[in-house]
Amino acid sequence: QVQLAESGGGLVQAGGSLRLSCVASRRILSFDAMAWYRQVPGKQLELVATISSGGRTTYADSVKSRFSISRDNAKNTMYLQMNSLKVDDTAVYYCYARKVVTIEGAQVEHWGQGTQVTVSS
């Protein structure tokens, strides 16, 4: 069973920075893609950023130019550097990993437990 463990969340003032980490219990190069999601209570899960096994990244419009996703394959760790934080960034942030396991495209997905990020005004 693959485990993903997030850390780095906390309370920060608007304009501040945080770096989230997601440590995997297996080689992250085995995943086809990894991502960060976030969720505010009562709202839908929101995709924040993705990174492919080849290193290609994508971002939600709301975080472009402020957040940066990266990975350290040697440490089996994915990061989310969050700068210029806004009150609207307050959410529980989840680590996600996906692997395609069949030629037909069936996937196995893994989720972390989440880490709370709270941005105060």
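Just so it is clear, the model here is predicted, and its values are computed rather than measured. Residue numbers run from 1 in the order of the sequence given.
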Fill in: Verdict with reasoning, Ile69 to Met78, per side chain to side chain contact (heavy atoms under 4.5 Å, CB included)
CA-CA 7 Å; Ile69 189 171; Met78 177 179 65; 3.9 Å; yes
Worksheet item: Given the rule in the side chain to side chain contact (heavy atoms under 4.5 Å, CB included) test, do Val63 and Arg38 qualify, once you have shown the distances and angles that lead to the verdict?
Response: CA-CA 12 Å; Val63 306; Arg38 66 186 182 186; 4.0 Å; yes
Practice prompt. Evaluate side chain to side chain contact (heavy atoms under 4.5 Å, CB included) for Cys95 paired with Met34, printing each intermediate quantity in order.
Written response: CA-CA 8 Å; Cys95 174; Met34 299 184 73; 4.3 Å; yes
Is [X] reaching over with its side chain to a backbone N or O of [Y], donor-acceptor style, under 3.5 angstrom?
X: Asn73; Y: Leu29; result: no
X: Ser25; Y: Gln3; result: yes
X: Lys99; Y: Glu109; result: no
X: Thr118; Y: Leu11; result: no
X: Arg66; Y: Ser84; result: yes

Worksheet item: Does the pair Asp89/Lys86 count as a salt bridge with the N-to-O cut at 4.0 Å?
Response: no
Can you name the closest pair of heavy atoms from [X] and [Y] and give their distance?
X: Ala14; Y: Ser121; result: CB-CA, 4.5 Å
X: Ser30; Y: Arg26; result: OG-NE, 3.1 Å
X: Gly9; Y: Val117; result: CA-CG2, 4.1 Å
X: Gly114; Y: Val92; result: CA-CG1, 3.9 Å

Worksheet item: What is the distance from atom OG of Ser53 to atom CZ of Arg71, rounded to the nearest 0.5 Å?
Response: 6.5 Å
Fill in: Interatomic distance, Asp32 atom CG to Gln107 atom CD [nearest 0.5 angstrom]
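Output value for this atom pair is 7.5 Å.
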Measuring only between side-chain heavy atoms, which start at C-beta, is [X] closer than 4.5 Å to [Y]?
X: Gln81; Y: Ser17; value: yes
X: Glu6; Y: Leu20; value: no
X: Leu4; Y: Val23; value: no

Item to complete: Only one of Asn83, Thr115, Leu85 passes side-chain contact (heavy atoms from CB on, under 4.5 Å) with Leu18; say which it is.
Response: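 Single side-chain contact (heavy atoms from CB on, under 4.5 Å) partner of Leu18 among Asn83, Thr115, Leu85: Leu85.
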Item to complete: Please lay out, stage by stage, how Ser62 and Asp88 fare under the test side chain to side chain contact (heavy atoms under 4.5 Å, CB included).
Response: CA-CA 9 Å; Ser62 59; Asp88 287 348; over 6 Å; no
Shared hydrophobic cluster for [X] and [Y] (ILVMFWY, side-chain gaps under 4.5 Å):
X: Leu45; Y: Leu47; value: yes
X: Ile28; Y: Val2; value: yes
X: Val12; Y: Leu80; value: yes
X: Ile51; Y: Tyr96; value: no
X: Val119; Y: Tyr59; value: yes

Practice prompt. Before giving the answer on side chain to side chain donor-acceptor pair (under 3.5 Å), spell out for Ser21 and Thr77 the whole-Å C-alpha distance, their side-chain angles and the decisive distance to 0.1 Å.
Written response: CA-CA 7 Å; Ser21 299; Thr77 302; over 6 Å; no
Worksheet item: Hey, do the aromatic rings of Tyr94 and Tyr37 have their centres closer than 6.0 Å?
Response: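 No, too far apart.
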Discussion item. Taking the six-membered ring for Trp, are Tyr93 and Trp36 closer than 6.0 Å centroid to centroid?
Written reply: no
Item to complete: Evaluate whether atom CD of Gln113 has more than 12 neighbouring non-hydrogen atoms of other residues, nucleotides or ligands under 6.0 angstrom away.
Response: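 At most 12 heavy atoms, drawn from other residues, nucleotides or ligands, come within 6.0 Å of this atom.
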